[in-house]
Amino acid sequence: MKHSSAEPALSWWHLSLIGAGGTVGTGYFLGTGIALKSSGGFIIPAFLIAAFATWIVYKRLATMTMADPCEGSFCTYAGKAYGSWAAFLCGWIYWISTILIMGGQLTALGILSRYWFPSIPLWVFTLIFAVLSISVVLLGARGFDIAEDFFFHHQALSACDLPIHRCSVVIRDRKPLPFE
């Protein structure tokens, strides 16, 4: 596929980082803390079932993509299988879920930031993170891939640190963070 714009294209590595960063987002950390607090270790089988179901969906999507590579998203395959109404509905559901997820991510960032600055209202942090997000997008592909690299590496280190932090809370009987 040729890239006709003067803007540099994102490489497969950057697209992979975008996918991984979207999966392991702020909501993951906040959601895990809330779920573990309310149900303890009993939530782990539910996480494993959800991970397995997600793996099945992505494996089937990869199989469809290999069998019939075409431009577009998974909505293209829905359209081929069920008609244009399915592609249209799929696109709108994806857009709505993306908007809701972005709002959840911004709220989660605000909640986590209030741990260090409890006197600042939640909406202020949410607004700051929304402006930062829009600014990164407006920087174009090069600015976006630099920001994505930075945030992915930060998230990967945080994901590695999360189990260590949980173990230290259990071992030392330390008071957990207020959102946990």
With rounding to the nearest 0.5 Å, note down the distance linking OG in S113 to CD1 in I128. 8.0 Å

Any link between I56 and F47 through a network of hydrophobic side chains (Ile, Leu, Val, Met, Phe, Trp, Tyr) touching at under 4.5 Å? no

How long is the straight-line distance from OG of S84 back to CG of L89, given to the nearest 0.5 Å? 11.0 Å

What are the two closest non-hydrogen atoms of Y94 and S97, and how far apart are they? O-OG, 2.9 Å

So which heavy atom on P118 is nearest to which on Y115, and how close? CD-O, 4.2 Å

Under 4.5 Å between any side-chain heavy atoms of I120 and F125, yes or no? yes

Taken in chain and number order and not counting sequence neighbours, the residues that satisfy side chain to side chain contact (heavy atoms under 4.5 Å, CB included) with F88 are W92

Scan residues 52-62 for pairs that pass salt bridge (Lys or Arg N to Asp or Glu O under 4.0 Å), counting only residues two or more places apart or in two chains. none

Contact summary for C75 and C90, nearest pair of heavy atoms: SG-SG, 2.5 Å

Short side-chain to backbone donor-acceptor contact, Y77 and D68, under 3.5 Å: yes

Trace of the side chain to side chain contact (heavy atoms under 4.5 Å, CB included) decision for F74 with T65: CA-CA 9 Å; F74 48 88; T65 303; over 6 Å; no

Is I101 linked to V57 within one hydrophobic cluster, defined over Ile, Leu, Val, Met, Phe, Trp and Tyr using a side-chain heavy-atom separation of less than 4.5 Å? no

Contact list for residues 87-112, test salt bridge (Lys or Arg N to Asp or Glu O under 4.0 Å), sequence neighbours left out: none

Hey, any chance V124 and W116 share a hydrophobic cluster, counting ILVMFWY side chains that come within less than 4.5 Å of each other, even indirectly? yes

Q105 vs S133, side chain to side chain contact (heavy atoms under 4.5 Å, CB included): CA-CA, chis, key distance, verdict: CA-CA 11 Å; Q105 293 285 342; S133 299; over 6 Å; no

Considering non-hydrogen atoms only, spot the tightest contact between R114 and P121 and give its length. CD-C, 4.3 Å

State, with a plain yes or no, whether a side-chain heavy atom of L122 is found less than 4.5 Å away from one of I111. yes

Value for OG1 (T98) from CD1 (I93), rounded to nearest 0.5 Å, stands at 11.5 Å

Does F129 belong to the same Ile/Leu/Val/Met/Phe/Trp/Tyr cluster as L100, with side-chain heavy atoms less than 4.5 Å apart forming each link? no

Minimal heavy-atom distance between T107 and T126, with the atoms involved, is CA-OG1, 4.2 Å

Would F117 end up clustered with L106 when hydrophobic side chains under 4.5 Å apart are linked, directly or stepwise? yes

